[in-house]
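Just so it is clear, the structure is predicted and the values come from calculations on it, not from any experiment.
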Amino acid sequence: MSAVAADRPPEFATRLLAWFELNGRHDLPWQHPREPYRVWLSEIMLQQTQVATVIPYFRRFLERFPDVATLAAAPVDDVLALWSGLGYYARARNLHRCARQLVDEHGGQFPRSLDALAALPGIGRSTAGAIAAQSWGARAAILDGNVRRVLARHRAIDGWPGAPAVQRRLWVVAEALLPDDRLADYTQALMDLGATICTARRPDCAACPVSAECIARITDTVARYPAARPRKPRARRRARMLLAFNARGELLLERRAPVGIWGGLWCPPMLDDDALSGDGGHALLDAADRIETLPQLHHAFTHFDLELQPLRFTLSRSGGVAESGRQRWVSLDELAALGLPAPVRKLLASLDLTVST
DNA sequence: AAATCGGGGCG
DNA sequence: CGCCCAGATTT
(Lines give C-alpha, C1' and ligand atoms only; values in the text may rest on other atoms or scores of the structure.)
Protein backbone atom coordinates (compact mmCIF):
# COMPACT_ATOMS: atom_id res chain seq x y z
CA MET A 1 0.00 0.00 0.00
CA SER A 2 0.95 3.63 -0.26
CA ALA A 3 3.32 4.98 2.35
CA VAL A 4 1.23 8.14 2.56
CA ALA A 5 -1.50 7.88 5.14
CA ALA A 6 -4.90 8.84 3.81
CA ASP A 7 -6.14 12.22 4.93
CA ARG A 8 -9.62 10.79 5.04
CA PRO A 9 -9.89 7.28 6.44
CA PRO A 10 -11.96 5.33 3.94
CA GLU A 11 -14.51 4.51 6.57
CA PHE A 12 -17.42 4.37 4.18
CA ALA A 13 -15.84 1.67 2.03
CA THR A 14 -14.36 -0.15 5.00
CA ARG A 15 -17.67 -0.42 6.79
CA LEU A 16 -19.52 -1.24 3.61
CA LEU A 17 -17.10 -4.03 2.69
CA ALA A 18 -17.25 -5.52 6.18
CA TRP A 19 -21.03 -5.54 5.94
CA PHE A 20 -20.87 -7.06 2.48
CA GLU A 21 -18.84 -10.02 3.69
CA LEU A 22 -21.65 -11.12 5.98
CA ASN A 23 -24.77 -9.65 4.41
CA GLY A 24 -24.11 -9.03 0.73
CA ARG A 25 -25.32 -11.13 -2.15
CA HIS A 26 -22.66 -13.60 -3.21
CA ASP A 27 -24.70 -16.06 -5.23
CA LEU A 28 -26.03 -14.04 -8.15
CA PRO A 29 -25.59 -15.99 -11.39
CA TRP A 30 -23.38 -13.33 -12.98
CA GLN A 31 -20.92 -13.41 -10.08
CA HIS A 32 -19.57 -16.88 -10.87
CA PRO A 33 -17.45 -16.45 -12.80
CA ARG A 34 -17.26 -12.68 -12.67
CA GLU A 35 -16.07 -12.04 -16.20
CA PRO A 36 -16.79 -9.15 -18.60
CA TYR A 37 -19.32 -10.86 -20.87
CA ARG A 38 -21.50 -11.98 -17.98
CA VAL A 39 -21.14 -8.69 -16.13
CA TRP A 40 -22.06 -6.78 -19.28
CA LEU A 41 -25.07 -8.95 -20.04
CA SER A 42 -26.33 -8.69 -16.48
CA GLU A 43 -25.84 -4.92 -16.42
CA ILE A 44 -27.83 -4.41 -19.61
CA MET A 45 -30.64 -6.69 -18.41
CA LEU A 46 -30.69 -4.95 -15.04
CA GLN A 47 -31.19 -1.54 -16.59
CA GLN A 48 -34.70 -0.66 -15.45
CA THR A 49 -35.42 -4.27 -14.51
CA GLN A 50 -35.29 -5.95 -11.12
CA VAL A 51 -32.92 -8.74 -10.16
CA ALA A 52 -35.58 -11.38 -9.57
CA THR A 53 -37.02 -10.79 -13.02
CA VAL A 54 -33.65 -10.84 -14.72
CA ILE A 55 -32.23 -14.09 -13.31
CA PRO A 56 -34.20 -16.61 -15.44
CA TYR A 57 -33.64 -14.50 -18.56
CA PHE A 58 -29.95 -14.29 -17.79
CA ARG A 59 -29.66 -18.08 -17.53
CA ARG A 60 -31.55 -18.75 -20.76
CA PHE A 61 -29.60 -16.08 -22.58
CA LEU A 62 -26.23 -17.39 -21.45
CA GLU A 63 -27.15 -20.92 -22.42
CA ARG A 64 -28.07 -19.88 -25.95
CA PHE A 65 -25.32 -17.25 -26.32
CA PRO A 66 -22.38 -18.40 -24.17
CA ASP A 67 -19.96 -15.77 -25.44
CA VAL A 68 -19.62 -12.56 -27.43
CA ALA A 69 -18.81 -14.35 -30.68
CA THR A 70 -21.92 -16.51 -30.51
CA LEU A 71 -24.08 -13.51 -29.77
CA ALA A 72 -22.53 -11.48 -32.57
CA ALA A 73 -23.10 -14.27 -35.07
CA ALA A 74 -26.73 -14.84 -34.12
CA PRO A 75 -29.69 -13.32 -35.98
CA VAL A 76 -31.16 -10.38 -34.13
CA ASP A 77 -34.49 -12.21 -34.16
CA ASP A 78 -33.05 -14.89 -31.88
CA VAL A 79 -31.84 -12.22 -29.49
CA LEU A 80 -35.22 -10.48 -29.44
CA ALA A 81 -37.02 -13.78 -28.92
CA LEU A 82 -35.01 -14.50 -25.78
CA TRP A 83 -35.56 -10.92 -24.65
CA SER A 84 -39.32 -11.13 -25.13
CA GLY A 85 -40.98 -10.15 -21.86
CA LEU A 86 -38.10 -8.10 -20.46
CA GLY A 87 -39.24 -4.87 -22.10
CA TYR A 88 -37.22 -1.92 -23.35
CA TYR A 89 -36.30 -3.83 -26.49
CA ALA A 90 -33.80 -1.24 -27.64
CA ARG A 91 -31.54 -2.81 -25.01
CA ALA A 92 -31.61 -6.10 -26.90
CA ARG A 93 -30.86 -4.49 -30.24
CA ASN A 94 -28.03 -2.47 -28.70
CA LEU A 95 -26.72 -5.62 -27.06
CA HIS A 96 -26.55 -7.34 -30.41
CA ARG A 97 -24.98 -4.32 -32.12
CA CYS A 98 -22.46 -4.08 -29.30
CA ALA A 99 -21.47 -7.72 -29.66
CA ARG A 100 -20.85 -7.26 -33.37
CA GLN A 101 -18.88 -4.10 -32.73
CA LEU A 102 -16.75 -5.91 -30.17
CA VAL A 103 -15.96 -8.61 -32.73
CA ASP A 104 -15.40 -6.21 -35.60
CA GLU A 105 -13.43 -3.49 -33.85
CA HIS A 106 -12.02 -4.95 -30.63
CA GLY A 107 -11.04 -8.48 -31.52
CA GLY A 108 -13.98 -9.89 -29.61
CA GLN A 109 -12.66 -8.49 -26.32
CA PHE A 110 -14.01 -5.72 -24.12
CA PRO A 111 -11.81 -2.62 -24.27
CA ARG A 112 -10.21 -1.69 -20.97
CA SER A 113 -10.68 2.06 -21.01
CA LEU A 114 -13.86 3.58 -19.63
CA ASP A 115 -14.21 5.88 -22.60
CA ALA A 116 -13.95 3.03 -25.08
CA LEU A 117 -16.51 1.03 -23.12
CA ALA A 118 -18.90 3.95 -22.91
CA ALA A 119 -18.60 4.46 -26.67
CA LEU A 120 -20.20 1.06 -27.29
CA PRO A 121 -23.95 0.81 -28.03
CA GLY A 122 -26.06 0.56 -24.90
CA ILE A 123 -23.16 1.23 -22.55
CA GLY A 124 -23.15 4.56 -20.75
CA ARG A 125 -20.95 5.91 -18.02
CA SER A 126 -22.46 3.85 -15.22
CA THR A 127 -22.52 0.55 -17.06
CA ALA A 128 -18.96 1.14 -18.24
CA GLY A 129 -17.91 1.68 -14.63
CA ALA A 130 -19.72 -1.45 -13.50
CA ILE A 131 -18.06 -3.60 -16.15
CA ALA A 132 -14.58 -2.22 -15.42
CA ALA A 133 -14.90 -2.42 -11.64
CA GLN A 134 -16.51 -5.84 -11.49
CA SER A 135 -14.51 -7.54 -14.21
CA TRP A 136 -11.07 -6.11 -13.61
CA GLY A 137 -11.25 -4.31 -10.28
CA ALA A 138 -10.77 -0.96 -11.96
CA ARG A 139 -11.18 2.09 -9.75
CA ALA A 140 -14.36 3.23 -11.49
CA ALA A 141 -17.58 4.53 -10.01
CA ILE A 142 -21.13 3.55 -10.89
CA LEU A 143 -24.31 5.56 -10.49
CA ASP A 144 -27.40 3.48 -10.95
CA GLY A 145 -30.74 3.92 -9.23
CA ASN A 146 -29.64 2.16 -6.04
CA VAL A 147 -26.43 4.12 -5.71
CA ARG A 148 -28.15 7.42 -6.44
CA ARG A 149 -30.53 6.77 -3.57
CA VAL A 150 -27.81 5.70 -1.13
CA LEU A 151 -25.62 8.70 -1.89
CA ALA A 152 -28.47 11.22 -1.97
CA ARG A 153 -29.33 10.14 1.57
CA HIS A 154 -25.79 9.80 2.81
CA ARG A 155 -24.95 13.36 1.79
CA ALA A 156 -28.50 14.76 1.99
CA ILE A 157 -28.40 15.90 -1.62
CA ASP A 158 -31.54 17.77 -2.60
CA GLY A 159 -33.25 17.67 -5.97
CA TRP A 160 -34.41 14.92 -8.27
CA PRO A 161 -31.41 12.67 -9.10
CA GLY A 162 -32.42 12.62 -12.73
CA ALA A 163 -31.70 16.33 -13.03
CA PRO A 164 -28.28 16.83 -14.61
CA ALA A 165 -27.03 19.20 -11.90
CA VAL A 166 -27.95 16.72 -9.17
CA GLN A 167 -26.49 13.87 -11.14
CA ARG A 168 -23.21 15.72 -11.47
CA ARG A 169 -22.98 16.15 -7.70
CA LEU A 170 -23.75 12.51 -7.17
CA TRP A 171 -20.97 11.46 -9.54
CA VAL A 172 -18.51 13.60 -7.58
CA VAL A 173 -19.54 11.88 -4.35
CA ALA A 174 -19.48 8.44 -5.95
CA GLU A 175 -15.90 8.91 -7.10
CA ALA A 176 -14.74 10.51 -3.86
CA LEU A 177 -15.91 7.49 -1.87
CA LEU A 178 -14.10 4.90 -4.01
CA PRO A 179 -11.64 2.73 -2.09
CA ASP A 180 -8.19 1.93 -3.46
CA ASP A 181 -8.80 -1.77 -3.87
CA ARG A 182 -11.47 -4.49 -3.77
CA LEU A 183 -13.44 -2.50 -6.33
CA ALA A 184 -15.46 -5.46 -7.55
CA ASP A 185 -16.74 -6.25 -4.07
CA TYR A 186 -17.20 -2.57 -3.27
CA THR A 187 -19.35 -2.03 -6.36
CA GLN A 188 -21.49 -5.04 -5.57
CA ALA A 189 -21.71 -4.01 -1.91
CA LEU A 190 -23.00 -0.56 -2.79
CA MET A 191 -25.71 -1.99 -5.02
CA ASP A 192 -26.63 -4.59 -2.40
CA LEU A 193 -26.93 -1.92 0.26
CA GLY A 194 -29.36 0.00 -1.91
CA ALA A 195 -31.29 -3.12 -2.86
CA THR A 196 -31.66 -4.65 0.61
CA ILE A 197 -31.15 -1.95 3.29
CA CYS A 198 -31.34 1.54 1.84
CA THR A 199 -34.51 0.74 -0.08
CA ALA A 200 -36.82 3.28 -1.64
CA ARG A 201 -39.81 2.77 0.62
CA ARG A 202 -38.83 1.42 4.03
CA PRO A 203 -35.09 1.75 4.59
CA ASP A 204 -33.73 -0.33 7.46
CA CYS A 205 -31.36 2.26 8.91
CA ALA A 206 -30.83 0.19 12.05
CA ALA A 207 -29.12 -2.46 9.92
CA CYS A 208 -27.13 -0.03 7.79
CA PRO A 209 -23.34 -0.17 8.14
CA VAL A 210 -22.89 3.50 7.24
CA SER A 211 -25.82 5.05 9.09
CA ALA A 212 -23.53 6.74 11.62
CA GLU A 213 -22.21 9.07 8.92
CA CYS A 214 -25.46 9.38 6.93
CA ILE A 215 -26.60 13.01 6.98
CA ALA A 216 -30.21 12.14 6.24
CA ARG A 217 -30.23 9.61 9.07
CA ILE A 218 -28.53 11.98 11.51
CA THR A 219 -31.01 14.74 10.76
CA ASP A 220 -33.91 12.29 10.63
CA THR A 221 -34.86 13.29 7.07
CA VAL A 222 -34.33 10.01 5.27
CA ALA A 223 -37.81 10.14 3.74
CA ARG A 224 -36.92 13.36 1.92
CA TYR A 225 -34.21 11.72 -0.15
CA PRO A 226 -33.99 11.27 -2.98
CA ALA A 227 -36.50 13.88 -4.13
CA ALA A 228 -39.32 12.50 -6.26
CA ARG A 229 -39.36 12.83 -10.00
CA PRO A 230 -41.50 15.71 -11.22
CA ARG A 231 -44.74 14.20 -12.38
CA LYS A 232 -45.89 14.39 -15.93
CA PRO A 233 -49.39 13.96 -17.32
CA ARG A 234 -49.88 10.48 -18.70
CA ALA A 235 -51.28 10.34 -22.21
CA ARG A 236 -53.85 7.84 -23.41
CA ARG A 237 -53.80 6.26 -26.85
CA ARG A 238 -56.09 3.85 -28.60
CA ALA A 239 -55.41 1.40 -31.40
CA ARG A 240 -56.91 -1.64 -33.05
CA MET A 241 -54.97 -4.87 -33.34
CA LEU A 242 -55.84 -7.02 -36.34
CA LEU A 243 -55.66 -10.74 -35.60
CA ALA A 244 -55.91 -12.11 -39.11
CA PHE A 245 -55.94 -15.89 -39.56
CA ASN A 246 -55.79 -17.64 -42.91
CA ALA A 247 -57.44 -20.91 -43.91
CA ARG A 248 -54.49 -22.88 -42.52
CA GLY A 249 -54.95 -21.28 -39.10
CA GLU A 250 -51.82 -19.17 -39.45
CA LEU A 251 -51.61 -15.70 -37.95
CA LEU A 252 -50.48 -12.63 -39.83
CA LEU A 253 -47.58 -10.85 -38.14
CA GLU A 254 -45.45 -7.93 -39.17
CA ARG A 255 -42.13 -6.73 -37.90
CA ARG A 256 -42.48 -3.41 -36.18
CA ALA A 257 -40.23 -0.48 -37.01
CA PRO A 258 -36.93 -0.47 -35.11
CA VAL A 259 -37.87 2.71 -33.25
CA GLY A 260 -41.02 3.29 -31.25
CA ILE A 261 -42.91 0.88 -29.05
CA TRP A 262 -42.02 -2.79 -29.36
CA GLY A 263 -39.29 -1.85 -31.82
CA GLY A 264 -38.13 -4.77 -33.96
CA LEU A 265 -40.63 -7.19 -32.47
CA TRP A 266 -43.19 -9.24 -34.37
CA CYS A 267 -46.73 -8.09 -33.84
CA PRO A 268 -50.16 -8.31 -35.49
CA PRO A 269 -50.87 -5.27 -37.68
CA MET A 270 -52.10 -2.32 -35.67
CA LEU A 271 -54.24 0.64 -36.64
CA ASP A 272 -54.11 3.87 -34.71
CA ASP A 273 -57.51 5.44 -34.28
CA ASP A 274 -56.12 8.48 -36.04
CA ALA A 275 -55.11 6.43 -39.05
CA LEU A 276 -58.47 4.69 -39.10
CA SER A 277 -60.60 7.77 -38.79
CA GLY A 278 -59.71 8.86 -42.33
CA ASP A 279 -61.20 6.38 -44.80
CA GLY A 280 -62.39 4.00 -42.12
CA GLY A 281 -61.17 1.02 -44.08
CA HIS A 282 -58.18 -1.28 -44.41
CA ALA A 283 -57.27 -3.94 -46.94
CA LEU A 284 -57.31 -6.67 -44.30
CA LEU A 285 -60.66 -5.65 -42.89
CA ASP A 286 -62.16 -5.38 -46.38
CA ALA A 287 -61.06 -8.94 -47.15
CA ALA A 288 -62.39 -10.37 -43.88
CA ASP A 289 -65.34 -12.71 -43.94
CA ARG A 290 -66.49 -12.09 -40.38
CA ILE A 291 -64.97 -9.82 -37.78
CA GLU A 292 -65.08 -10.76 -34.10
CA THR A 293 -64.51 -8.06 -31.51
CA LEU A 294 -62.45 -9.40 -28.61
CA PRO A 295 -62.33 -7.85 -25.13
CA GLN A 296 -60.34 -4.63 -24.97
CA LEU A 297 -56.80 -4.80 -23.69
CA HIS A 298 -55.10 -2.19 -21.52
CA HIS A 299 -51.34 -1.82 -21.48
CA ALA A 300 -49.43 0.70 -19.39
CA PHE A 301 -46.18 2.08 -20.78
CA THR A 302 -43.94 4.40 -18.83
CA HIS A 303 -45.36 7.54 -20.32
CA PHE A 304 -48.74 6.60 -21.73
CA ASP A 305 -51.54 4.09 -21.53
CA LEU A 306 -52.44 2.08 -24.58
CA GLU A 307 -55.94 0.72 -25.04
CA LEU A 308 -55.92 -2.05 -27.60
CA GLN A 309 -59.03 -3.31 -29.35
CA PRO A 310 -58.28 -6.77 -30.77
CA LEU A 311 -60.28 -7.72 -33.87
CA ARG A 312 -60.18 -11.35 -34.91
CA PHE A 313 -61.13 -12.61 -38.33
CA THR A 314 -60.36 -15.24 -40.95
CA LEU A 315 -59.33 -14.62 -44.53
CA SER A 316 -60.48 -17.22 -47.02
CA ARG A 317 -58.22 -15.71 -49.65
CA SER A 318 -54.81 -15.01 -48.15
CA GLY A 319 -53.10 -14.31 -51.45
CA GLY A 320 -52.22 -10.73 -52.20
CA VAL A 321 -52.94 -9.53 -48.70
CA ALA A 322 -49.80 -10.70 -46.94
CA GLU A 323 -46.28 -11.95 -47.57
CA SER A 324 -45.43 -8.48 -48.75
CA GLY A 325 -42.92 -6.20 -47.11
CA ARG A 326 -42.44 -7.01 -43.46
CA GLN A 327 -45.52 -9.20 -43.10
CA ARG A 328 -45.63 -12.95 -42.90
CA TRP A 329 -48.01 -15.76 -41.94
CA VAL A 330 -46.91 -17.61 -38.83
CA SER A 331 -48.18 -20.92 -37.52
CA LEU A 332 -49.06 -21.00 -33.85
CA ASP A 333 -46.16 -23.41 -33.22
CA GLU A 334 -43.69 -20.83 -34.48
CA LEU A 335 -44.83 -18.12 -32.10
CA ALA A 336 -42.63 -19.25 -29.23
CA ALA A 337 -39.47 -18.65 -31.25
CA LEU A 338 -40.41 -15.10 -32.20
CA GLY A 339 -39.94 -11.92 -30.25
CA LEU A 340 -43.46 -10.87 -29.35
CA PRO A 341 -44.56 -8.10 -27.00
CA ALA A 342 -45.61 -9.55 -23.66
CA PRO A 343 -49.26 -8.43 -23.87
CA VAL A 344 -49.57 -9.88 -27.39
CA ARG A 345 -48.15 -13.18 -26.21
CA LYS A 346 -50.63 -13.18 -23.37
CA LEU A 347 -53.52 -12.38 -25.66
CA LEU A 348 -52.60 -15.15 -28.09
CA ALA A 349 -52.20 -17.65 -25.27
CA SER A 350 -55.72 -16.93 -24.13
CA LEU A 351 -56.84 -17.35 -27.73
CA ASP A 352 -55.32 -20.80 -28.24
CA LEU A 353 -58.14 -22.45 -26.36
CA THR A 354 -60.68 -21.20 -28.84
CA VAL A 355 -58.42 -21.84 -31.83
CA SER A 356 -57.96 -25.51 -31.06
CA THR A 357 -61.69 -26.24 -30.89
C1' DA B 1 -29.63 20.35 -19.79
C1' DA B 2 -33.88 18.62 -21.25
C1' DA B 3 -36.53 15.49 -23.83
C1' DT B 4 -37.15 11.07 -25.55
C1' DC B 5 -37.36 6.19 -25.38
C1' DG B 6 -41.45 2.97 -24.19
C1' DG B 7 -41.95 -2.77 -19.69
C1' DG B 8 -42.83 -5.07 -15.65
C1' DG B 9 -43.54 -5.63 -10.87
C1' DC B 10 -44.91 -4.12 -6.54
C1' DG B 11 -47.61 -2.24 -2.64
C1' DC C 1 -53.42 3.51 -9.67
C1' DG C 2 -48.40 5.38 -8.35
C1' DC C 3 -43.70 4.61 -7.99
C1' DC C 4 -39.49 2.06 -8.54
C1' DC C 5 -36.12 -0.64 -10.98
C1' DA C 6 -28.13 -2.16 -11.68
C1' DG C 7 -30.02 4.11 -17.89
C1' DA C 8 -28.83 5.32 -22.59
C1' DT C 9 -29.46 8.12 -26.43
C1' DT C 10 -30.95 11.99 -28.98
C1' DT C 11 -32.11 17.07 -29.50
B:dG9 and C:dA8, which share atom name P, separated by this distance in whole Å
22 Å
Want to settle it: does A:K346 or A:A163 sit nearer the 5' end of DNA chain B, counting the closest nucleotide to each?
A:A163
Can a salt bridge be assigned to the pair A:R125 and A:E175 using a cut-off of 4.0 Å between side-chain N and carboxylate O?
yes
Separation of A:L28 atom CG from C:dA6 atom C1', in whole Å?
11 Å
What does A:Q188 touch in the nucleic acid at a heavy-atom separation under 4.0 angstrom: a base, only the sugar-phosphate, or nothing?
base
Earlier contact from the 5' end, DNA chain C, for A:A119 and A:A228
A:A228
Report the residue (A:R97 or A:L46) whose heavy-atom-nearest nucleotide on DNA chain C is the more 5′ of the two.
A:L46
Value in whole Å for how far the C1' atom of B:dC10 lies from CZ of A:R201:
6 Å
Ionic contact status for A:D158 with A:R169, cut-off 4.0 Å:
no
Just compare B:dG8, C:dA8, C:dA6 and give me whichever is closest to any side-chain atom of A:S126.
C:dA8
Looking across every strand, which nucleic acid part, if any, lies under 4.0 Å from A:P341 by heavy atom: base, sugar-phosphate, or nothing?
nothing
Just checking A:I123: base, sugar-phosphate only, or nothing, at a heavy-atom cut-off of under 4.0 Å?
sugar-phosphate
According to the interplanar angle, ranging from 0 to 90°, do the rings of A:F12 and A:Y186 count as parallel (below 30°), tilted (30 to 60°) or perpendicular (above 60°)?
perpendicular
Is a donor-acceptor contact shorter than 3.5 angstrom present between the side chain of A:R93 and the base of C:dA8?
no
Using the salt bridge (Lys or Arg N to Asp or Glu O under 4.0 Å) rule, collect all pairs that involve residues 187-201 of chain A, keeping only residues at least two apart or in two chains.
A:R25-A:D192
Would you mind classifying the nucleic acid contact of A:A200 as base, sugar-phosphate or nothing, using non-hydrogen atoms under 4.0 angstrom?
sugar-phosphate
